[in-house]
S.K.: 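Right, I'll just put the structure down here and ask away after.
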Number of protein chains: 2
Amino acid sequence: MALEHAILVSLLERPGSGYELARRFERSIGRFWTATHQQIYRVLRRMEADGWVTAEEIGQDGRPDKRSFSVAGEGLAVLAEWLRAPVQAEAVRHELAVKIRGAAFTDDAGRAALIGEVERYRADHETLLSTYLNGEKRDFPDLDGRDAGQRLQHVVLRGGIAYERMLLDWLDDVLDTLRAL
Amino acid sequence: MALEHAILVSLLERPGSGYELARRFERSIGRFWTATHQQIYRVLRRMEADGWVTAEEIGQDGRPDKRSFSVAGEGLAVLAEWLRAPVQAEAVRHELAVKIRGAAFTDDAGRAALIGEVERYRADHETLLSTYLNGEKRDFPDLDGRDAGQRLQHVVLRGGIAYERMLLDWLDDVLDTLRAL
DNA sequence: AACGCCATGTAAGCAGTTACATGATTCA
DNA sequence: TGAATCATGTAACTGCTTACATGGCGTT
């Protein structure tokens, strides 16, 4: 119920086409809100029909034309209203936790396989942490003199970094526990 | 695609009715996998039809009869296979992060409202952390001598505790950042 | 020649939510 | 008397995913 809002924020940070939005949802904003291109195009069409965003046709040569979207006044009002509303409880889906509890009901071979999976998962998140840290060095090198948008993007990134560090520590705990069974 | 598996794990930990499962999904297991009772009943019917679980009719007096579900051999096999499969990337939905980045595009009043919301959110998670810590003291008082299931449930709970602590620290960072804008 | 990128879409289906319904019992 | 708990469901809908489609351009 808030893909619309994620799109509004992304378009306010920088206008762009459905395709560009889809790319962002694979990278930066997708770290905390996922969406496929099909879903983005559909929602974008609805938002345009409702007057939340406006499209500008941009002819390109060497590439297909595109429709670049910007947030309209109506969209800004919708966003402002949403920001005031209570933060909804998230629908948590932590598959790994289910698997860990499930490990009590499998054999040694299954448990060994799970340990391998957790190690792979841990390696992925170690990579992700590096990506975040590199992004931080690149995008937020100085401590002040930046605008509100920059500082807010930075605090969200710091959240991602804190999460990944916590996760890596916990995964070590998980691996110790699984190995000691 | 894994509510089935969460139900299997929960029923292996303790057989129960759809209603009882729904209650668990509001409390313990619901911390990392949410589901409504409607969804649970529907999936349970399918799982029964597929022979993953079996039901036992239990007549009660003073209360409605219930159907207590247990995991069948087929269900155990399905679970074992799932445990060996790669951990799927989670569909992240972190509404608060979107709102924080959205705060760059609202006025002082909107920002003040968001600060209030973050404070409320923080208070909720402080309560949740207490609940976890109390649960830990109650359910895992000793350091060893427990079975595999207990140790695995404990490590998952430690994950929840680590997450909440990380979150509270980050929310302080967020509040500082919002107030300093 | 083949692959990946840019750009946008349709179609089918499943998962999950919201709203509503029933009915007995226990507790404040 | 009213609310909460136990217990199970139906119906309608929305959101989202998966699979498929098109077509030109740039790179290896």
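Chain identifiers are assigned alphabetically (A, B, ...) following the order of the sequence lines, protein sequences preceding nucleic acid strands; residue numbering begins at 1 within each chain.
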S.K.: Can you label the angle between the B:H125 ring and the B:Y121 ring as parallel, tilted or perpendicular, going by 30° and 60°?
M.R.: tilted
S.K.: Could you see if A:Y19 belongs to whatever hydrophobic cluster contains A:L44? Use Ile, Leu, Val, Met, Phe, Trp, Tyr and a side-chain cutoff under 4.5 Å.
M.R.: no
S.K.: Please work out if B:Q38 contacts a base, only the sugar-phosphate, or nothing of the nucleic acid, heavy-atom cut-off 4.0 Å.
M.R.: base
S.K.: So which one's nearest nucleotide on DNA chain D is more toward 5', B:R45 or B:A91?
M.R.: B:R45
S.K.: Categorize A:R23 for me: base, sugar-phosphate, or nothing, with a 4.0 angstrom heavy-atom threshold over every strand shown.
M.R.: sugar-phosphate
S.K.: Of the nucleotides C:dT8, D:dT8, D:dC16, which one has an atom closest to the side chain of A:Q39?
M.R.: D:dC16
S.K.: Please give, in whole Å, the distance from C:dC5 P to A:E20 CD?
M.R.: 15 Å
S.K.: Rounding to an integer number of Å, can you tell me how far B:H37 NE2 sits from D:dC6 C1'?
M.R.: 12 Å
S.K.: Please say yes or no: joined through hydrophobic side-chain contacts below 4.5 Å, possibly via intermediate residues, are A:L157 and A:L168 part of one cluster?
M.R.: yes
S.K.: C:dT10, C:dA15, C:dG23: which one has an atom nearest the side-chain heavy atoms of B:P64?
M.R.: C:dG23
S.K.: Separation of A:D65 atom CG from C:dT8 atom P, in whole Å?
M.R.: 9 Å
S.K.: Side chain of B:Y19: nearest nucleotide among D:dC16, D:dT10, D:dA7?
M.R.: D:dA7
S.K.: Please state how far atom CD in A:E57 lies from atom P in C:dC6, giving the value in whole angstrom units.
M.R.: 20 Å
S.K.: Is the ring pair A:H154/A:F140 parallel, tilted or perpendicular, if the boundaries are 30 and 60 degrees?
M.R.: parallel
S.K.: What is the distance, to the nearest angstrom, from the CZ atom on B:R67 to the P atom on D:dC6?
M.R.: 20 Å
S.K.: Looking only at side-chain atoms of A:Y41, point me to the closest of C:dT8, D:dA7, C:dA15.
M.R.: C:dT8
S.K.: So, OP1 or OP2 of C:dT8: does either fall under 4.0 Å of a side-chain N or O from A:S17?
M.R.: yes
S.K.: Take atom CD of A:Q60 and atom C1' of D:dG23, then tell me their distance rounded to the nearest Å.
M.R.: 15 Å
S.K.: In whole Å, I'd like the distance from the CD1 atom of B:I40 to the P atom of D:dC6.
M.R.: 14 Å
S.K.: So which nucleotide from D:dT18, C:dA7, C:dG16 ends up closest to the side chain of A:T36?
M.R.: D:dT18
S.K.: Expressed as a whole number of angstroms, how long is the span from B:L3:CG to C:dT17:C1'?
M.R.: 13 Å
S.K.: Using a heavy-atom cut-off of 4.0 Å across all strands, would you classify A:R42 as base, sugar-phosphate, or nothing?
M.R.: base
S.K.: What orientation do A:W170 and A:H94 show, parallel under 30°, tilted 30 to 60°, or perpendicular over 60°?
M.R.: perpendicular
